[in-house]
Amino acid sequence: MATIEEMRSRVCMQEYVVTNTRSTDYPGNYAGYDDSYSQEQFEKNFRINVVNMERDEMQFDMVGINAAVANGFRRILLAEVPTMAIEKVFIVNNTSIIQDEILAHRLGLIPLFVDPRLFEFRTNTD
């Protein structure tokens with residue numbers, strides 16, 4: 001049986017299975033092991049290593065943070081990236097087998113690689 005520290009800090013990769021991938025750092029998970037949250041402990045262990053930084057792109061590693069919290073940061077960063085998509089489609093004469101709604105939906109899923117700063121965004125009143 002592995003020690004508690006090994007179960008908490010290591011991912012085990014065997015031939016057909018990967019174990020210890022879940023988050024276990026919450027209070028009461030292991031008897032006799034204090035896993036309560038501490039701001040001081042977080043500040044001591046957490047660091048950001050910048051791997052690559054360019055004008056429009058940055059790669060970094062967050063070390064000493066729970067995977068769920070790191071995923072929360074990832075979601076926040078993705079939500080703040082300006083994106084462009086086709087929103088309204090007016091179809092005059094569709095002679096294809098694809099229905100108008102499906103065609104409009106598929107057009108909205110096409111990624112548009114444009115600079116959003118070149119466009120004027122509509123407000124809620126437009």
Inset, instruction - Report the C-alpha distance between Ile48 and Asp61 in whole Å, list the side-chain angles of each, state the deciding distance to 0.1 Å, and finish with yes or no for side chain to side chain contact (heavy atoms under 4.5 Å, CB included). - result: CA-CA 6 Å; Ile48 295 178; Asp61 294 333; over 6 Å; no
Inset, instruction - Evaluate the side chain to side chain contact (heavy atoms under 4.5 Å, CB included) criterion for residues Leu103 and Ile91: first the C-alpha distance (whole Å), next the side-chain angles of each, then the deciding distance (0.1 Å), finally the verdict. - result: CA-CA 9 Å; Leu103 185 60; Ile91 300 173; 3.9 Å; yes
Inset, instruction - Check the pair Met58, Val50 against side chain to side chain contact (heavy atoms under 4.5 Å, CB included), reporting the backbone distance first and the verdict last. - result: CA-CA 8 Å; Met58 180 178 179; Val50 177; 3.7 Å; yes
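Applying the salt bridge (charged side-chain N to carboxylate O under 4.0 Å, His left out) test to pairs two or more places apart or on separate chains, those with a residue in residues 105-116 are Asp115-Arg117.
Contact between Gly108 and Ala85 at its shortest, heavy atoms only, is O-CB, 4.0 Å.
Atoms CD1 and CZ, on Ile76 and Arg74 in that order, are 11.0 Å from each other to the nearest 0.5 Å. Atoms CD1 and CD1, on Ile102 and Ile97 in that order, are 12.5 Å from each other to the nearest 0.5 Å. Interatomic distance, Asn45 CG to Glu40 CD, rounded to the nearest 0.5 Å: 11.5 Å. Note: Glu87 CD to Leu107 CG = 13.5 Å, rounded to the nearest 0.5 Å.
Clustering ILVMFWY residues whenever any of their side-chain heavy atoms sit less than 4.5 angstrom apart, transitively, puts Val89 in a cluster other than the one holding Leu109. Note: the hydrophobic cluster containing Ile65 also contains Leu77 (ILVMFWY, side chain heavy atoms under 4.5 Å, direct or indirect links). Under the 4.5 Å side-chain heavy-atom criterion for ILVMFWY residues, a single connected hydrophobic cluster contains both Phe73 and Met53. In this structure, Ile110 is a member of the same hydrophobic cluster as Ile98, with clusters built from ILVMFWY side-chain heavy atoms closer than 4.5 Å. Clustering ILVMFWY residues whenever any of their side-chain heavy atoms sit less than 4.5 angstrom apart, transitively, puts Val63 in a cluster other than the one holding Phe42.
For Phe60, the CZ atom is loosely surrounded, since the number of other residues' heavy atoms within 6.0 Å does not exceed 12.
In terms of modelled atom types and a separation under 3.5 Å, the side chain of Asp100 and the main chain of Ala104 share no donor-acceptor contact.
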